[in-house]
Protein chains: 2
Amino acid sequence: MAFNTYTLSLRFRASFLSLNNSSPISPSLLPNTRLKFSQRPPPLRQFIRPSSSSSSSSVSASSFTWDDVFKIAHSKNDSSDLHGFFDKITTCNRGSDKQHEFIPFIINDQIVGYVHEGFAAHLKKFHDVFVFHQNNCHSHHAGNHVTLHPMLVTAEERTTAVADVVKRLGAELIPGTRNELYPVTSSFGTSVFFSLERAAAPYFGIKAYGVHMNGYVERAGKKYLWIGKRSERKQTYPGMLDHLVAGGLPHGIACGDNIVKECEEEAGIPSSISMEAIPVGAVSYMDIDGYRYKRDVLFCYDLKLPEGFIPENQDGEVESFKLIPVADVANVIKKTEYFKPNCNLVIMDFLFRHGFIRPEQFGYLKLLQSLRSGDCS
Amino acid sequence: MAFNTYTLSLRFRASFLSLNNSSPISPSLLPNTRLKFSQRPPPLRQFIRPSSSSSSSSVSASSFTWDDVFKIAHSKNDSSDLHGFFDKITTCNRGSDKQHEFIPFIINDQIVGYVHEGFAAHLKKFHDVFVFHQNNCHSHHAGNHVTLHPMLVTAEERTTAVADVVKRLGAELIPGTRNELYPVTSSFGTSVFFSLERAAAPYFGIKAYGVHMNGYVERAGKKYLWIGKRSERKQTYPGMLDHLVAGGLPHGIACGDNIVKECEEEAGIPSSISMEAIPVGAVSYMDIDGYRYKRDVLFCYDLKLPEGFIPENQDGEVESFKLIPVADVANVIKKTEYFKPNCNLVIMDFLFRHGFIRPEQFGYLKLLQSLRSGDCS
């Protein structure tokens, strides 16, 4: 059943890609397509598993132990087959066929988010905070958008007014409040228009940024990753596998400072070591699920740890850590859904940069590109 | 003068980006734009140098010595300013506003290249090799395309027939024949429809692949790059700076094997060392210059060399090599046009992966993305 869902969402993804980027095109279709663009990656279609295949489907998460992880880590692996990696891209990038159900959220002429029609219906009650604009034109929704009331001028006024709306909408509509504020911007590093409760971010489709760190060790030329298993008591993704260190990027803290802070809290890594963490790039994804539109960008870090270092969780969010050969971690990613979904992308980025995925494997460039399937800005 | 050209081409690039990806959009424009896509990076516009600025313009190439390189390498550097890097992206991605002058080159329903209208006029003489299709529709060129004559069925027949055309067109139209064949495909690793002389590749707008390697050394925790200076006798980019090792990827050789071969030829690196080169990703660009449409993808490799290793060029194509601190190399890239243009991208990719460009620098994500401005497939 889980497998059927995968196949389906892969198909949606593929049709979305072919809409945006075109692809190998039949000459009979030419008059209706814009042919002059050079950005024509091949469609993901060629990487979709045949729906009859069963042997290659992922092992689903639910509940598992470290023993389950190690059994799969050491199982037979066809290193040339990248399908298992493509599946993980798909898991993080659902619902692109549902984009037409959202209207842009605009502040100062810039798109800062997207709001679902159904969620918008709830916001319409708050006339003094949200203003809806309807434009008449041929297409169904083009031109419709939501913005903040012009009386809300300063970031503080906006933050307070929207926080009040989120509170009044209640936990039934927006569950899991964290009391952590995310900046609302059109892209990273540009003006912050206001701040929004982290749990509400996907309901407003705002960009959310995080820092994720792969902690690794090198022994006799072989690389090992420190992998965490999340506490069963965690609100999100309990019991699943995770990086050594990861966290959202709240308003007002720089990426590098946040990594040092999270290193201490999540793995007991002193700043004398975590200062050596290297920023190595970013991954992105866009995921639509009901009213939620996630547009996440994760800044990736590598930290090479001393061989003897043993991480110790300080905040109770991690059950335990294990040091696992990188090739085995790759096998677990390909064959299971044990990792928290977005961690798969950050580890795949590590696999690319450290040569564990190679140009000789069919689909190399497509997979590399799809690590930034979302708006990476 | 050179600086004016830069500013101009940056503007073209920016307007192309805003056409394709949209960007911060004025609500007054909404009815005519497709708003539902999430892939909306900010325009490059914000990174364009003001045309009145003179202090920050690049030092042009022409002729320079290692002394010139070192003087600039050690000069004052505002590390937060990424403009010099964006300039190098622009240099490799010219003429996107000229895409309408090209028609697709299609084989077996797949786009394998693009041919300029002017170049197409020359090809039309060869009825037995090239067939032109015209479709009537509203847009000027949509639907027009060129394909190979249906009598040319096998890859060999196509290769021979097109080679004959290239030969008959002569060196005046297609200069610099290398007697090296590139595979013609729609994307990397898929069916090869035929092979084409390397020098002719941009005239047919086919995808061209290369392997580029950054050779580096680590001394007391500090990283140094081995940089080559091309021979003044080289046909292309004489006297300019280059990687330790780089080369085109001809038909029939795998990336990894090609790197080992090029390591030996270009820098005298024995296979016992070059086998350790790590594939770390890819960069891409698309560059239109007259009839030429380059759609290049470069597979990037890192090789950590022993401290004592001294590269020695074997094929006469490199004048000399120098070992330079990575931060100094970054300064040279930002402030000069001394490097062969596409090498800048591969070194910038290295700077990202090794933490020499950081999320705290404004424009980080935009620059990261623009390293794959071309069709990276």
Side-chain angles (χ1 to χ4, degrees), chain A residues 20 24-27 30-31 33-42 99-100 102 104 106 109-111 114 133 135 137 141-143 145 147 186-190 254-256 278-282 286 295 297 299 352-355 358-360 362-366 368-369 372 374-377, chain B residues 20 24-27 30-31 33-42 99-100 102 104 106 109-111 114 133 135 137 141-143 145 147 186-190 254-256 278-282 286 295 297 299 352-355 358-360 362-366 368-369 372 374-377:
Chain A
N20 279 301
I25 278 171
S26 156
L30 293 181
T33 53
R34 293 197 290 165
L35 270 173
K36 298 296 159 55
F37 296 127
S38 65
Q39 313 265 17
R40 296 176 189 281
Q99 286 181 95
H100 66 278
F102 289 77
I106 291 174
D109 292 356
Q110 293 184 46
I111 294 178
Y114 294 87
H133 297 266
N135 291 53
C137 70
H141 283 296
H145 65 276
T147 186
S186 62
S187 62
F188 191 73
T190 59
C255 290
I278 295 173
V280 290
M286 47 145 291
R295 300 194 302 141
V297 177
F299 292 97
F352 269 105
R353 290 181 294 96
H354 291 262
R358 306 179 78 91
E360 288 78 6
F362 182 66
Y364 180 86
L365 290 173
K366 186 76 223 162
L368 180 67
Q369 277 195 284
R372 297 195 205 127
D375 172 2
C376 197
S377 72
Chain B
N20 279 299
I25 280 173
S26 157
L30 292 180
T33 52
R34 294 196 288 165
L35 268 174
K36 299 296 158 56
F37 297 125
S38 65
Q39 313 265 17
R40 297 176 189 280
Q99 286 181 96
H100 66 279
F102 289 77
I106 291 174
D109 292 356
Q110 294 184 45
I111 295 177
Y114 294 87
H133 298 266
N135 292 53
C137 71
H141 284 294
H145 66 277
T147 186
S186 62
S187 61
F188 191 71
T190 59
C255 289
I278 295 173
V280 290
M286 48 143 293
R295 299 195 302 141
V297 177
F299 292 97
F352 270 106
R353 289 181 295 98
H354 291 262
R358 307 180 79 92
E360 287 78 7
F362 181 65
Y364 180 86
L365 291 173
K366 186 77 222 161
L368 180 66
Q369 277 196 283
R372 298 195 204 127
D375 171 3
C376 197
S377 73

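Keep in mind that this is a model prediction, so the values were computed, not measured. Here is how names work: the chains are called A, B, and so on, in the same order as the sequence lines, proteins then strands, and each is numbered from 1.
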Q.
Nearest 0.5 angstrom please: B:Leu368 CG to A:Arg372 CZ, how far?
A. 3.5 Å
(Q) So, taking the atom named CD1 in A:Ile111 and the one named CZ in A:Arg295, what distance separates them when rounded to the nearest 0.5 Å? (A) 8.0 Å
Q | Toward chain B, the part of A:Phe188 with a non-hydrogen atom under 4.5 Å | A | both
Q.
Below 4.5 Å, heavy-atom pairs only: which of B:Cys255, B:Pro359, B:Ala254, B:Gly355 has the largest tally toward chain A?
A. B:Pro359
(Q) Angle between ring planes, A:Phe352 versus A:Tyr364, binned at 30° and 60°: parallel, tilted or perpendicular? (A) perpendicular
**Q.** Spacing of B:Ile278 atom CD1 and A:His354 atom NE2 [to the nearest 0.5 Å]
**A.** 8.0 Å
Q) Between B:His133 and chain A, which part of the residue has a heavy atom less than 4.5 Å away: side chain, backbone, both or neither? A) neither
